[in-house]
Structures are given as C-alpha cells and as structure tokens.
Protein chains: 2
Amino acid sequence: MPDALRRFKADIFQALAHPTRIAIVEMLRDGDLPEGKLIERLGIEQANASQHLSVLRSKQIVVNRKDGNQVFYSLRSPLLIEVLDIMRRYFHAQLTETMAALGEIEKEHGAAR
Amino acid sequence: MPDALRRFKADIFQALAHPTRIAIVEMLRDGDLPEGKLIERLGIEQANASQHLSVLRSKQIVVNRKDGNQVFYSLRSPLLIEVLDIMRRYFHAQLTETMAALGEIEKEHGAAR
DNA sequence: TGCCTATATTCGAGACTTCGAATATACTGT
DNA sequence: ACAGTATATTCGAAGTCTCGAATATAGGCA
C-alpha cells in the first residue's frame, strides 16, 4: 500500500481522535445542524466548538453552508458513520473478551482453593 | 451514546493516528510477525518500532507472544482491518470527488470564454 | 448607522507525541 | 560465565494539540 494512503488514513484518524469531534460526527449522522445546536448539545465553549469544527473542515470530514445568521454543518460521507459503527462493535467485543478473561481468572482461583 | 464509548473510540483513533502504526496493523493482517520482521520492512529504528508497538499494545490493538529470542505480534481483532478497508474506500471516494470538482471548474472556465 | 446574535480566529499556557541516543533486559549458544 | 542477538525502557529536545480568554467578522434588524 502506498505511503500516501497511510498518511491519509493517519490524518483522518487524527481528526477523529477526540471525544468532542466524535460526538459532532455522530450528531450529524442524520442530517445537518447549525453550530449553535451543536454547542448547546455538547455543552462546551463556543470557541472550542469552532476550533473542533475547523479541524473537521480542514480534513474535509464536514462541510458547511451559510444560512443567514447561522452556519450549518453536515457530514461529507456516510463511510465515516460506518467506521464509527464498527468501532462500537469493536468496543463491545473488547468488553465481552475482558469480562470472559476475568471470569477465567476467578474460576482458576476458585479451583486452586 | 455514552461518553465512555466516545472516549474509547477516540483512544483507538489516536492509537491509529500514525502512518507507521497503520503500516504495522496492515502488516499483521494475514498473521503474526516477529518485531524484527516489522522493523526490517518498515525501515525504522528498533527503538522507534518498540515504541509504536507499545502504543498499540497499551490500547490492546495488538497482542504479543514470546518465542525464544523473539516477540511475535498479532492483531487482536479483524474489525480494525475492516476499518482500514473502509478508509481505503473513503480515500478513493474523496479522490474521485476532488477530481470531479476540478473538472467542473475547468468546464466553467471554458464556458466563460 | 448602531446593536445584537452567530461564528471564526488569535494567543499563550499546559499537556501530550515523536524521534534517536543511550541503556536495560532477556534469551541463546558456546 | 560470556558474547551475541532481539526487544524494551528512559531521557530530552522539538513539535503538536487543547483549552478558555479575548478579539474579529458577518448577518439581521431597528
């Protein structure tokens, strides 16, 4: 695989590597929203929201449209939603494995006594 | 979606947010490999490889097994390979869109003359 | 024009990341 | 025990990220 592709992937992952930005992408899953709505739901400073949106914009993950006073943001591709969905499955798989491992340890200790 | 899930996703993305670590994950796609092999193919310093592997280990993305002198690494879940495959599709979609947009601009300029 | 609301940018402090150099640890074979 | 190979850790410098505070820009409306 060419190096440019790996750099691209790394850049996108970097852009997604913050809980607030993941929350933004998730909130845009079903359509566009004005920044004000995002700020309200995220409960963060306005400047901070703009900064995170600027990161997502610079990587072309979101796109914006002006409507009068406000700026509406939307996802540029549904593929990233797919990625987030896989990550949710991954999370659950990890949880399950971890709990199974804990169960094993308990069993061993029980058997040793 | 709970915040813990978003923090988990952000942590995994962070761990993948480096071309070298993406290369490592890709190299482990078809089975485990000793660190020496990874270093050889990556063409980086031994210490650097160990550091990147340590990041992937700390997030449980890879798992290691000792065999005599060497340490074999392997992926803990095929789900991350799925993620990387989607990212490849995403990359191509972006490329295509960008080229289409460039074509549009050219057409407009041509029409304006 | 002047004021209000919505969004963006700049700045600086503190935290985090990345690298190679140096060093530490662990296993193998003699 | 010693030498050699494989891997891990520590350190410090340079770079990057994140936040709130302050400020800038732009649209809407009196």
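Numbered from 1 within each chain, the chains take letters A, B, ... in sequence-line order. Keep in mind that what you see is a predicted model, and the values were worked out from it rather than measured.
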In sequence, state the C-alpha distance, the side-chain angles, and the governing distance for A:Tyr73 and A:Arg65, and then conclude on side-chain hydrogen bond (donor to acceptor under 3.5 Å, both in side chains). CA-CA 7 Å; A:Tyr73 280 89; A:Arg65 150 179 76 85; over 6 Å; no

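B:Asn48 comes within contact range of the sugar-phosphate backbone alone, with a heavy-atom separation under 4.0 Å but no base atom that close. Contact annotation for B:Gln51: base contact, defined as any heavy-atom pair under 4.0 Å involving a base atom. B:Phe72 comes within 4.0 angstrom of no nucleic acid atom, judged by non-hydrogen atoms across all strands.
Applying the salt bridge (Lys or Arg N to Asp or Glu O under 4.0 Å) rule to B:Asp11 yields no partners; only residues at least two apart in sequence or on another chain are considered.
Going from atom CZ of A:Arg21 over to atom P of D:dC19 covers 8 Å, rounded to whole Å. Computed from coordinates, the A:Asn69 CG to D:dC29 C1' distance equals 10 Å when rounded to whole Å. Counting to the nearest Å, the C1' atom of D:dT18 and the CD atom of B:Gln14 are 12 Å from each other. In this entry the distance linking CD of B:Glu45 with P of D:dA6 reads 15 Å, nearest Å. Spacing between atom CD1 of B:Ile24 and atom P of D:dT7 amounts to 12 Å, rounded to whole angstrom units. Atom CD1 in A:Ile39 sits roughly 14 Å away from atom C1' in D:dG20 (whole-Å rounding). Between the CZ atom of B:Arg57 and the P atom of D:dT7 there is a distance of 12 Å, rounded to whole Å.
Here the range on DNA chain C touched by chain B, meaning any atom under 4.0 Å from one of its heavy atoms, is C:dT17 to C:dT28.
In this structure, A:Gln46 and A:His18 both approach DNA chain D, and ranking their closest nucleotides by distance from the 5' end singles out A:His18.
Without hydrogens or angle criteria, B:Thr98 side chain to B:Gln94 main chain gives a donor-acceptor distance under 3.5 Å. No donor-acceptor pair under 3.5 Å is formed between the side chain of A:Arg6 and the backbone N or O of B:Thr20. In this structure, B:Ser50 contributes its side chain and B:Ala47 its backbone to no donor-acceptor pair below 3.5 Å. Here the side chain of B:Arg21 pairs a donor or acceptor atom with the backbone of B:Ala15 at under 3.5 angstrom.
B:Asp85 and B:Arg29 are joined by a salt bridge, as a carboxylate oxygen and a charged side-chain nitrogen come within less than 4.0 angstrom of each other.
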